[in-house]
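Below is one structure; the comments refer to it alone.
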Amino acid sequence: MIDLKYLQNSFDEASQKLKRRGVDDETLETLKGLFEEMKRKNADFEAVRAEQNRLSKLFGEYKRQNRDLTELKERVDSLKKEAAQLHKEAKDTQETLNTLALSIPNFPDERVPYGMDEEDNVEIKRILEPGKFDFPPKEHWELAQENGWIDFERGVKLAKSRFAVLRGEAAMLQRALINYFLDKNMQKGFVEYALPFMSNSDMLKGTGQLPKFEDDLFKVCEEDLYLIPTAEVPLTNLFHDEILDMDELPLLMTAYSPCFRREAGSAGRDTRGIIRQHQFAKVEMVAITHPERSDEVFDMMVQNASEILEELGLPHRLVELCSADLGFSAARTIDLEVWLPGQKRYREISSVSNTRDFQARRAKIRFKDGKKNRLVHTLNGSALAVGRTIVAIMENYQREDGSIEIPEVLEKYM
RNA sequence: GGAGAGAUGGCAGAGUGGUCGAAUGCGGCGGCUUCGAAAGCCGUUGUCUGGGCUUCCUGGACCGGGGGUUCGAAUCCCCCUCUCUCCGCCA
């Protein structure tokens with residue numbers, strides 16, 4: 001959630017920033033108006049309630065002194081009525097305000113380039129040259145077929161479309177990658193967690209998936225539980241509604257999890273292969289930092305993901321997302337895109353975001369700075385998406401006969 | 001799934017209608033003591049939010065969540081959620 005005080009005090013600046021993300025001035029005017037109205041109504045209510053409290057205290061005294069209570073009761077009764085009315089109004093306004101505020105995306109960082117769509121993302125650098133092939137490289141689904149690695153039909157039979165089954169070496173490769181990624185992250189100081197793969201709605205509100213993006217989630221019937229779309233949700237919310245000690249920051253956490261996404265708006269996209277599945281494996285990094293240190297941790301996380309790709313021998317590039325392509329909670333995001341020789345293009349394999357205090361405010365994650373409680377910064381990033389890494393290895397390590405080499409760093413994991 | 005017990009501050013745990021934002025203990029923080037430490041002693045110590053003459057003063061809200069009774073609710077009533085114990089079932 002954005003800082004409403006900041007919106008109130010620096011409206012022009014704030015609306016300028018959000019306009020770049022497609023939030024119109026009218027919405028922001030409404031939001032600001034509601035905020036001010038809420039404050040006013042609260043003040044009105046509190047004044048009446050203060051008087052009511054004062055008289056109620058008197059009541060006890062009068063009674064002990066055996067004084068006549070009729071007049072006092074009348075006065076406090078009418079105050080009570082008035083307070084109830086004002087309280088209801090204040091609460092209604094608060095709720096309207098809340099609903100609207102929860103739907104506003106984060107302010108983009110000053111560094112974020114302005115853009116209309118993903119075409120306006122800015123490439124920062126390329127790491128490793130794409131390899132040369134003496135034969136036309138195949139796409140991963142062909143290779144999957146030839147090697148018996150992925151069973152698409154039976155995945156669909158077991159669940160529905162966009163589910164697949166990994167078999168034999170492919171399944172082993174997935175297991176190897178998970179272990180390799182976790183080891184790498186731990187070397188960088190991340191602590192490994194094993195987490196619930198379901199979260200309740202409060203947690204999903206904390207990280208920003210709810211209430212706006214419910215359609216993207218799988219919900220468990222009859223329970224207030226959702227399958228997690230990323231381990232970012234449970235990792236970040238580990239410290240939901242907690243006040244941390246400043247000297248335990250930064251908290252660096254990593255976890256493997258399956259990720260479940262309905263891909264509601266993606267009908268028809270990437271229908272072949274396992275680029276876009278309802279369930280995929282991912283190893284996630286999450287950091288909870290002091291607000292002044294989130295930038296350096298961000299760089300470290302991008303560096304870490306890039307290093308892993310480099311060790312795997314996978315050519316990739318870093319892309320700074322433009323304002324239009326930023327995720328809802330992110331102030332800044334760098335995507336890592338891996339080269340797929342079969343598709344002859346770069347595809348997202350990791351995404352590192354700094355949400356600054358946006359999630360922290362929603363999830364109430366704070367730290368003690370002297371006497372004051374301040375909001376932390378939260379960051380998340382994949383290191384890496386396992387399914388897409390398998391795709392990348394298949395396409396980059398394919399031989400002319402269709403067989404697939406295993407990257408050297410993974411040998412001890414297989 | 002059946003039966004019962006419970007949910008209070010960082011933790012433990014009192015509080016059954018007003019003077020309770022809440023005893024006490026532990027922990028934390030500050031000080032005294034000490035060469036230093038431990039022990040001991042003294043003091044301090046919840047969160048959110050509004051206002052003000054903004055190292056301080058002051059209003060409101062919060063005792064799992066929601067509603068109700070009452071001039072007044074942590075305390076009484078109703079609903080929900082969660083936790084624990086026992087039994088059953090089960091990886």
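The chains referred to below are lettered A, B, ... by the order of the sequence lines, with proteins before strands, and numbering in each begins at 1.
- The separation between Asn42(A) atom CG and U49(B) atom P is 12 Å, rounded to whole Å.
- In terms of phosphate contacts, Lys57(A) brings no side-chain nitrogen or oxygen within less than 4.0 Å of OP1 or OP2 of G17(B).
- Residue Arg20(A) qualifies as enclosed at atom CZ: its count of foreign heavy atoms under 6.0 Å is above 12.
- The C1' atoms of C63(B) and A7(B) are separated by 10 Å, rounded to the nearest whole Å.
- Side-chain nitrogen and oxygen atoms of Asn373(A) include at least one within less than 4.0 Å of the OP1 or OP2 phosphate oxygen of C48(B).
- Side-chain polar atoms of Glu232(A) and Gln359(A) form a donor-acceptor pair below 3.5 angstrom.
- Nucleotide G72(B) forms a pair with no other nucleotide shown, judged by Watson-Crick or G-U wobble geometry with both contacts under 3.5 Å.
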Quick test: give all pairs of protein nitrogen or oxygen and nucleotides 8-10 of chain B nitrogen or oxygen below 3.5 Å, distance rounded to 0.1 Å.
none

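- When rounded to the nearest whole Å, the span between CG of Leu4(A) and P of U49(B) equals 11 Å.
- C41(B) is paired with G31(B) under the Watson-Crick or G-U wobble criterion, all donor-acceptor distances under 3.5 Å.
- Note on residues 245-255 of chain A: no pairs pass salt bridge (Lys or Arg N to Asp or Glu O under 4.0 Å), not counting sequence neighbours.
- Atom NZ of Lys88(A) sits in a sparse spot, with 12 or fewer heavy atoms from other residues, nucleotides or ligands closer than 6.0 Å.
- Using a 4.0 Å heavy-atom distance criterion, Lys368(A) is classed as a sugar-phosphate-only contact.
- Residues Asn106(A) and Ser329(A) bring no donor and acceptor atom of their side chains to less than 3.5 Å of each other.
- With sequence neighbours left out, the side chain to side chain donor-acceptor pair (under 3.5 Å) criterion links Glu51(A) to Arg54(A).
- In a base pair of the Watson-Crick type (N1 to N3 plus N6-O4 or O6-N4) or a G-U wobble (N1-O2 and O6-N3), with each distance short of 3.5 Å, U55(B) is matched with no nucleotide.
- Contact annotation: Asn53(A) side-chain N/O to A61(B) OP1/OP2 distance is under 4.0 Å.
- The 12-atom threshold is exceeded at NZ of Lys219(A), counting heavy atoms of other residues, nucleotides or ligands nearer than 6.0 Å.
- Annotation for Arg276(A): atom CZ counts as buried by contact number, over 12 foreign heavy atoms lying within 6.0 Å.
- No more than 12 heavy atoms of other residues, nucleotides or ligands shown are found within 6.0 angstrom of CE on Met116(A).
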Listing, residues 94-104 of chain A side-chain donor-acceptor contacts under 3.5 Å, not counting sequence neighbours, or none:
{"from": "Thr96(A)", "atom 1": "OG1", "to": "Asp92(A)", "atom 2": "O", "distance (Å)": "2.8"}
{"from": "Thr99(A)", "atom 1": "OG1", "to": "Glu95(A)", "atom 2": "O", "distance (Å)": "2.8"}
{"from": "Ser103(A)", "atom 1": "OG", "to": "Leu100(A)", "atom 2": "O", "distance (Å)": "2.7"}

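- In a base pair of the Watson-Crick type (N1 to N3 plus N6-O4 or O6-N4) or a G-U wobble (N1-O2 and O6-N3), with each distance short of 3.5 Å, C84(B) is matched with G4(B).
- A donor N or O paired with an acceptor N or O is found under 3.5 Å between the base of G59(B) and the side-chain atoms of Glu46(A).
- The base-pairing partner of G36(B), taking Watson-Crick or G-U wobble contacts with both distances under 3.5 Å, does not exist among the strands shown.
- Here the P atom of nucleotide G64(B) and the CG atom of Asp202(A) are 17 Å apart, to the nearest Å.
- Closest contact between the side chain of Lys39(A) and the listed nucleotides G72(B), G60(B), G50(B) involves G50(B).
- Place Phe45(A) and Arg366(A) on RNA chain B by their nearest nucleotides, and Arg366(A) ends up nearer the 5' end.
- The neighbour count for Lys81(A) NZ, taken as heavy atoms of other residues, nucleotides or ligands under 6.0 Å away, does not exceed 12.
- As rounded to the nearest Å, A38(B) and G50(B) have C1' atoms that lie 47 Å from one another.
- Each of Tyr6(A), Phe328(A), Phe107(A) was evaluated against Phe358(A); a single residue qualifies, Phe328(A), per the ring-ring contact (aromatic ring centres under 6.0 Å, His included) test.
- Less than 4.0 Å separates RNA chain B from at least one heavy atom of each of the following residues of residues 72-83 of chain A: Lys73(A), Val76(A), Asp77(A), Lys80(A).
- At whole-Å resolution of the value, CE in Met38(A) and P in U49(B) are 10 Å apart.
- Nucleotides G64(B) and G59(B), compared at atom C1', are 27 Å apart to the nearest Å.
- Across all strands shown, nothing is found opposite G17(B) as a Watson-Crick or G-U wobble partner with both distances under 3.5 Å.
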Hey, what are the protein-to-nucleotides 53-58 of chain B N/O distances that come in under 3.5 Å?
none

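- Put simply, CG on Asp245(A) is 18 Å from P on U45(B), counting in whole angstrom units.
- Remark: C48(B) base-pairs with G60(B). Criterion, Watson-Crick or G-U wobble with two distances under 3.5 Å.
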